[in-house]
Number of protein chains: 2
Amino acid sequence: MPRVTPAARTAPAKRSSEKDASTRELILQTALEAFSLKGFDGASTRSIAAQAGVNQGLIPYYFKTKQTLWREAVDRAFDELHSAMGGLLASEGPSDREAAARMIRVYVAFVASHPEFVRLMNEEGKRTGPRMRWLVDRHVRPLVDGLTTLFSRVADEIGMPKGIDPTHLNYIFVGSVAMIFHQAPECRRVSGVDPLEEREVEAHADALVHLFLGDSTLGR
Amino acid sequence: MPRVTPAARTAPAKRSSEKDASTRELILQTALEAFSLKGFDGASTRSIAAQAGVNQGLIPYYFKTKQTLWREAVDRAFDELHSAMGGLLASEGPSDREAAARMIRVYVAFVASHPEFVRLMNEEGKRTGPRMRWLVDRHVRPLVDGLTTLFSRVADEIGMPKGIDPTHLNYIFVGSVAMIFHQAPECRRVSGVDPLEEREVEAHADALVHLFLGDSTLGR
DNA sequence: GTCTATAATTAGATAGAC
DNA sequence: GTCTATCTAATTATAGAC
């Protein structure tokens with residue numbers, strides 16, 4: 001990965017994918033939000049540029065094609081995941097109930113503060129195509145492998161269901177964590193509850209710890 | 001709701017929304033699949049018509065606007081839900097563990113055989129807008145009310161978490177059921193498992209019954 | 001009822017001024 | 001680096017032949 005020198009930040013190299021800082025990053029951030037909300041076809045480059053407050057011509061200037069913009073936005077989303085989850089997905093540290101509860105709470109907190117991440121995963125995971133294949137091969141498979149390893153480690157020491165296929169457990173866990181945040185606008189309208197409020201995020205994590213790890217003093 | 005006479009099926013009334021049968025129904029079915037897969041903006045009426053094998057001009061002929069097509073497709077999806085779930089969402093019958101397990105299995109089976117339903121809910125529930133408001137007010141709120149009532153009934157008699165907010169429990173349940181089917185293409189590529197196969201559908205239901213209702217003989 | 005043809009709008013990408 | 005202007009293609013909806 002190329003480093004960006006202070007000089008390059010005002011006079012960027014032309015060949016690298018790292019050019020100017022602020023506008024490029026602003027477009028990426030806006031595009032991630034738009035792609036996750038409206039899908040690749042539904043999000044127009046014009047609307048992304050308008051939302052970012054820049055000209056539409058800057059998108060092909062920085063990213064050449066819409067597909068490249070999408071890929072860089074996805075890379076950015078997974079950068080944020082890994083920096084937020086840290087070593088929690090790696091197989092290290094203790095594997096007792098407290099460690100599992102901590103992992104659940106960290107994951108819930110990440111999804112709640114990055115709903116665009118789960119929207120993007122759901123957007124592209126629901127249909128076959130070149131974007132789905134790229135996303136799975138580059139990002140999702142390593143992530144799922146890490147989760148599966150994590151599950152098999154904690155399953156021994158807590159009251160986790162024994163013979164459950166890790167694939168099913170994976171999607172049960174991810175779905176039970178993410179759905180309320182993915183559907184936040186619907187949830188607000190149907191029930192009046194804003195799941196993104198800190199109180200509700202904690203309530204959701206509490207419920208999940210209880211469901212998956214049992215009642216033993218509810219570990220907080 | 002207007003009934004369709006045999007005469008109206010070949011010479012449909014012009015004012016009613018029920019006109020000719022086969023082509024209209026074919027477009028509706030195709031549109032539901034397309035809207036759920038690519039979203040309202042991402043699914044073009046041309047591609048829907050092409051997929052259905054009819055001319056693009058037939059869509060404004062039968063449905064006037066794209067929005068009307070979308071609404072009728074959504075109505076159709078909820079018709080299928082209610083005919084599949086039957087009285088299970090109504091507050092009737094026994095409320096013991098076996099009844100709860102049956103409800104879980106029926107719901108899993110419906111979602112597995114109608115992934116377009118959950119795709120559509122996720123597609124529209126993730127952002128605020130006129131379609132989301134229409135969908136929630138017309139279909140989702142009654143559905144969630146039924147589920148919430150059901151949860152509160154069975155929570156007393158089984159080992160369900162006591163103090164959990166029904167909204168959180170709702171989304172935990174729905175997410176844990178639906179995510180693997182919503183992400184079926186991703187699941188196939190990342191793990192090789194096709195969650196839509198009957199064996200996997202049953203395995204998923206087993207896992208959910210175990211998770212939510214506990215291990216007592218696993219009730220099958 | 002189904003089609004072709006087309007109008008009006010919007011899409012992604014390019015060219016070139018500054 | 002950012003903008004305006006424009007090209008080509010695709011969008012929804014309409015008009016009208018059959």
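For clarity, every value in this text was computed on a predicted model and none was experimentally measured. Throughout, a chain's letter reflects where its sequence line sits, starting with A, and its residues are numbered from 1.
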Counterpart residues, ring-ring contact (aromatic ring centres under 6.0 Å, His included), relative to B/H139 (two or more places apart): B/F78, B/W134
Expected list for residues 36-54 of chain B near DNA chain D, using heavy atoms below 4.0 Å, is B/A43, B/S44, B/T45, B/R46
Residue list, side chain to side chain contact (heavy atoms under 4.5 Å, CB included) with A/S152, at least two apart or on another chain: none
Both distances under 3.5 Å, Watson-Crick or G-U wobble: on that basis, could you give the dot-bracket string for DNA chain D, with [ ] for crossing pairs and | for other-strand partners? ||||||||||||||||||
What pairs of nitrogen or oxygen atoms, one from the protein and one from nucleotides 14-17 of chain C, lie under 3.5 Å apart?
none

Taking atom types as modelled, is there a side-chain donor on A/H114 or A/E116 under 3.5 Å from an acceptor on the other? yes
Check the distance between C/dA13's P and A/W70's CH2 and give it to me in whole angstrom. 15 Å
Integer-rounded Å distance: C/dG12 C1' and A/L69 CG: 12 Å
By ring-ring contact (aromatic ring centres under 6.0 Å, His included) - contacts of A/H182 (at least two apart): none
Name all pairs fulfilling the salt bridge (Lys or Arg N to Asp or Glu O under 4.0 Å) condition that reach into residues 34-44 of chain A, sequence neighbours left out, sorted by first residue then second. A/K38-B/D41, A/D41-B/K38
Given C/dT2, C/dA13, C/dC3, which nucleotide is nearest the side-chain atoms of A/T65? C/dA13
To the nearest Å, how far apart are A/I59 CD1 and D/dT2 C1'? 13 Å
Taken in chain and number order and not counting sequence neighbours, the residues that satisfy ring-ring contact (aromatic ring centres under 6.0 Å, His included) with B/H168 are A/H204
With sequence neighbours left out, write down each residue that passes ring-ring contact (aromatic ring centres under 6.0 Å, His included) with B/F63, or none if nothing qualifies. none
Name all residues meeting the side chain to side chain contact (heavy atoms under 4.5 Å, CB included) criterion together with B/A109; count only those two or more places apart in sequence or in a different chain, and write none if there are none. none
Minimum-distance pair of heavy atoms, taken over all atoms of B/L196 and B/V201: O-CG2, 3.9 Å
A/Q29 meets the side chain to side chain contact (heavy atoms under 4.5 Å, CB included) criterion, sequence neighbours left out, with A/R76
Between A/L58 (CG) and D/dT4 (P), how many Å, whole number? 10 Å
Provide the full list of salt bridge (Lys or Arg N to Asp or Glu O under 4.0 Å) pairs with a residue in residues 177-194 of chain A, sequence neighbours left out, each pair given once. A/R188-A/D194, A/R189-B/D137
